[in-house]
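Taking it in order: structure first as structure tokens, then the write-up.
Ligands are counted one by one from 1 in listed order, and the atoms in each one are counted from 1 as well. Quantities reported herein were computed from a predicted structural model and do not represent experimental measurements.
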Amino acid sequence: MRKARVLMDRDFAIGHTDPRLFGAFVEHLGRCVYGGIYEPGHPSADAGGFRKDVLGLVKELGPTIVRYPGGNFVSGYNWEDGVGPVDKRPARLDLAWFSTEPNSFGTNEFMDWCKAAGVEPMMAVNLGTRGGDAARNLVEYCNHPAGSYWSDLRRAHGWEKPHDVKFWCLGNEMDGPWQMEYKTATAYGQVAREAAKMMRWVDPTIELAACGSSARNMPSFGHWENTVIDHTFDHAEFISLHTYLNNYKEDTAAFLACPDLMDSFIDEVVAIADAVAAKRRSTKRMMLSFDEWNVWYRTRRKRADRVREGWPVAPPILEEIYTMEDALAFGGACISLLNHADRVKSACLAQLVNVIAPIMTETGGPAWRQTIFFPFAHISRFGRGKVLRAQVESETYDSSYYDPRGAEELSFPVPNVPYLKMSAVADESGGLSLFLLNRDLTQEMEVSLDARSFGRLAVGEALELRHDNLKATNTKDAAERVKPASLKEVTVEGGHVHATLRPASWNVVHLSAN
Ligand code: AHR
């Protein structure tokens, strides 16, 4: 049995979770839109063609903001193709995913879907094949009330009121050669700055995120952030980060360690952003938008998993089937995000439905929860509030994480990985939520946590996600093979919380003020 001790005080805080930390992502990619959130003709579809079974699961999952329409897709997207009478919209070849985009779902449909799902829209603009002009026109179309060409066009299309989109991404992964018209850091920085200026001149209330590196292992990482932040410092509030965790090597210990590299990535981007601020003697602090994160590797490297020949509409690509083990690594990533609540003010689980997603559907059939659904639903439900600076005393292990870049076989050391990875969030009603990942694959862990500063606490809900088989998945026919159960061994005595965590488990303990 391993032992871990946690010290904390309710007044020692990292920061408050911004509601937008619990975001997700919908891209025109595979069956995310068509056959995912939108499927007219499905038995559960509403008048707008939105699948109500999916909407139900989205509400249970609890995303707060949803990024759209890409991803790689956005770098070749003409937003004008997706508005106006549906029968007049053009079908286009999408060079991001080698599919045909019918454009029957576009900006206005997305806004309606967001309302139905109870989420805020986050829009990305095309700074690949297009630029500042198309971007400012889209802001005018979406946010200007009336009396101008683009706002009146929106009204003529049937949306009288502005959509009032507050959060805008200045392109997507502009550092990556796979991106349509990727750029050098300087070229992107200039385009992003000019687009940002014009977009904000149209609507001064918007917030803007510039593209950071598409991964920590990019050769330009660091230099890219430094240059892009330098160009956009006065015009953007956020710099973005993307990370997809992998277990190519079938090394579970390394896989569960790798969320710690997300911690490093965040700390490094914060350091660069603050260095740029320091050079300017500026008190402004650029915030971080972790606008793509997830586990993704099985359907990533081989072209056949990403591309179906013949330019199909909504092919079933990137349909990663998640295991129990993936849910654990994913839970580790959730903890990394929570523990940086002071600077990561926005984050998007990529993606929402079918494409590397917590929710799967069968076209014309049912919808179900993948394993990764649960840690996200838990943090969205219990993770709102003040994240505490917990000091964790836990035995550690050393690891090395394989993170290839194209044909390059790269590995990164991950030293001193605590078996216990955790986050503690104090809520407004005096309660406390604990997210506890036991990364030991064979041993139970006895956790003792000093919560005396909270006064009297009582165990409210205590949940555990684990399975004897780390490769267990949920499928259409076994949709509940992996699901949370109650965590039995939790007690509170004299202000100390004691919990016994089973090997390789994700655990949530919500304590209410008593
Ligand atoms: O989420 C899938 C893809 O991953 C996105 O389109 C892209 O931005 C990233 O490379």
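Between E27 and R67, no side-chain nitrogen of the basic residue sits less than 4.0 Å from a carboxylate oxygen of the acidic one, so the salt-bridge criterion is not met. A salt bridge does not link R130 to D133: none of the charged nitrogens lies less than 4.0 Å from a carboxylate oxygen. Using a 4.0 Å cut-off between charged side-chain N and carboxylate O, R298 and D305 make no salt bridge. A salt bridge is absent between E120 and K166: the closest approach of a Lys/Arg side-chain nitrogen to an acidic carboxylate oxygen does not fall below 4.0 angstrom. Ion pairing between a basic and an acidic side chain is recognised when a charged N comes within 4.0 Å of a carboxylate O; K249 and D403 show no such pairing.
Sorted by chain then number, the residues whose non-hydrogen atoms approach ligand 1 to under 4.0 Å are F25, E27, G71, N72, W97, N172, E173, Y244, E292, W296, Q351, I356.
Residue pairs meeting the ring-ring contact (aromatic ring centres under 6.0 Å, His included) criterion with at least one partner in residues 313-352, sequence neighbours excluded, are W293-F330.
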